[in-house]
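Have a look at the structure below, then the notes.
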There are 2 protein chains.
Amino acid sequence: MAAIQRHRATRQRAAILDLLQEAESFLSAQQMHDALRAKGMKVGLTTVYRNLQLMTELEEVDHVRREDGESMYRRCDSGEHHHHLVCRACGYTVELANDQLETWAKALARKHRFSQVTHDLE
Amino acid sequence: MAAIQRHRATRQRAAILDLLQEAESFLSAQQMHDALRAKGMKVGLTTVYRNLQLMTELEEVDHVRREDGESMYRRCDSGEHHHHLVCRACGYTVELANDQLETWAKALARKHRFSQVTHDLE
DNA sequence: CACCTAGTTGCAAATGGTTTCCATTTGCGA
DNA sequence: TCGCAAATGGAAACCATTTGCAACTAGGTG
C-alpha cells in the first residue's frame, strides 16, 4: 500500500520465501515455523506471521482459509488473479487461470445488480 | 452424528432460529448474542454457539467464513446445494442455484484428475 | 401429577491461531 | 564507520470458539 517502502533482505525473510518456493501446496504459518526450526533455523513465530502478512499485501503469496479457519499461504507462479483446485486428502494444488469463470461471475453479478465483483473458489 | 437424537424445544433455541428467520443477511454468533440480549432475552453465548453448530450439522443453516475468519450463519430457504452472492458493503445476500457452475466444476475436476469435488464460491 | 433422566444451559476456564508490545538487533544508505 | 528506521522475537494480549462441569428442564413414563 505504501507508495515507497523499503524492505530489508533478512535471513528470516529469505528462509520463509525459500520454504514457500519449495512447497508444493499450501502451508500454515505454524507449519512453516516448525519446518524452519526443524531445519535448525532460529525464526520467531511472530516473524513468520509478519512476513506472511507483508508478502500477502505485496501479493507475493496467496492466502486462503481452510474450513476450520486457519490461514494457509502459498507462493504463486503468476501474479494474476486465479483460483485453486485443492485435494482435500493430500493438499495437492492446481492453479487455474479461468476466463470462463470470470465472465460468468460478471454476468451473474449484472443479473443481480451487483458491481465490483470479486470471488473465492476452491 | 448420533443416529437417534432427541432435540428439545427450548426458549433459547427458538429465539436463535427466529432471529435467523428474520435476518436478511449473514450473522455471526456474537452478533446474534448481542441482538438477543438487546431484546432482553437471557441467552448464553455458549448456547448460541452450540445451537448454531447443531443447526449447521442438521443443515438447517448455512455456514461461511468471512475474510477475517469469523464464522457467519444464515438460515437458508432451500436445503439444496447452492452459493451466495454477498455485497461487501451492506452484506445483502442473494442465493444461487447454479447448475452451470456444478457442471463446469466437474469438468474441470475431470480435466485435472480430481474426484469428489466440492467447492466454495462467494 | 410427580418422577426420572438425558438433553440443555451458562458461567468460567481453557484453547488455539494471530496480533501487539517493546526492548534489542541489524540491514544498509550516508 | 555511524545512525536510524526496519526487523526481530519472546511474552503478553486478543478474540472467536470450545470445553468442563454443576445446575436446570423438557417431556416421556408410571
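Here is how names work: the chains are called A, B, and so on, in the same order as the sequence lines, proteins then strands, and each is numbered from 1.
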Rounded to the nearest 0.5 Å, how far does CD1 of A:Ile16 lie from CZ of A:Arg11?
10.0 Å
Would you please confirm or rule out a distance under 4.0 Å between OP1 or OP2 of C:dT9 and any side-chain N or O of B:Thr10?
yes
Just to be sure I understand the rule, does B:Gln53 reach a base, reach only the sugar-phosphate, or reach nothing, if contact means heavy atoms closer than 4.0 Å?
sugar-phosphate
Would you mind reading off the distance between B:Gln12 atom CD and C:dT8 atom C1', rounded to a whole angstrom?
8 Å
Check whether the side chain of A:Arg13 and the base of D:dA7 form a donor-acceptor pair under 3.5 Å.
no
Comparing B:Arg50 with B:Ser71, nearest DNA chain D nucleotide closer to 5' gives the residue B:Ser71
Please give me the minimum heavy-atom distance between B:Ala29 and B:Tyr49, naming the atom from each residue.
CB-CE2, 3.4 Å
With a cut-off of less than 4.0 Å, is there a side-chain N or O of A:Tyr49 near OP1 or OP2 of C:dT18?
yes
Shared ILVMFWY cluster between A:Val43 and A:Leu17, side chains joined below 4.5 angstrom?
yes
Closest approach of A:Ser25 to A:Arg74 (non-hydrogen atoms, all atoms of both residues):
CA-NE, 4.1 Å
For DNA chain D, determine which residues of residues 34-47 of chain A have any heavy atom closer than 4.0 angstrom to one of its atoms, and list them numerically.
A:Lys42, A:Val43, A:Gly44, A:Thr46, A:Thr47
Tell me: OH of A:Tyr73 to P of C:dT18, nearest whole Å?
6 Å
When the distance from CZ of A:Arg11 to P of C:dC28 is rounded to whole Å, what number comes out?
14 Å
Between D:dA7 and A:Arg8, counting only base atoms on the nucleotide and side-chain atoms on the residue, is there a donor-acceptor pair under 3.5 Å?
no
Verdict with reasoning, A:Met55 to A:Arg75, per side chain to side chain contact (heavy atoms under 4.5 Å, CB included):
CA-CA 9 Å; A:Met55 292 175 191; A:Arg75 175 145 180 71; over 6 Å; no
Please report the closest heavy-atom contact between B:Arg65 and B:Ser71, naming both atoms and the distance.
NH1-OG, 3.5 Å
What's the CG-C1' distance between B:Leu17 and C:dT8, to the nearest Å?
16 Å
In this structure, how many angstroms lie between the C1' atom of D:dA16 and the CG atom of B:Leu52, rounded?
13 Å
Over how many whole Å does the gap from B:Asn51 atom CG to C:dG10 atom C1' extend?
12 Å
Rounded to the nearest 0.5 Å, what separation is found between the CZ atom of A:Arg37 and the NZ atom of A:Lys39?
14.5 Å
If I take atom CG in residue B:Asp68 and atom C1' in nucleotide D:dC14, what distance separates them, rounded to the nearest angstrom?
13 Å
Please report, rounded to the nearest Å, how far the P atom of D:dA6 is from the NE2 atom of A:His7.
10 Å
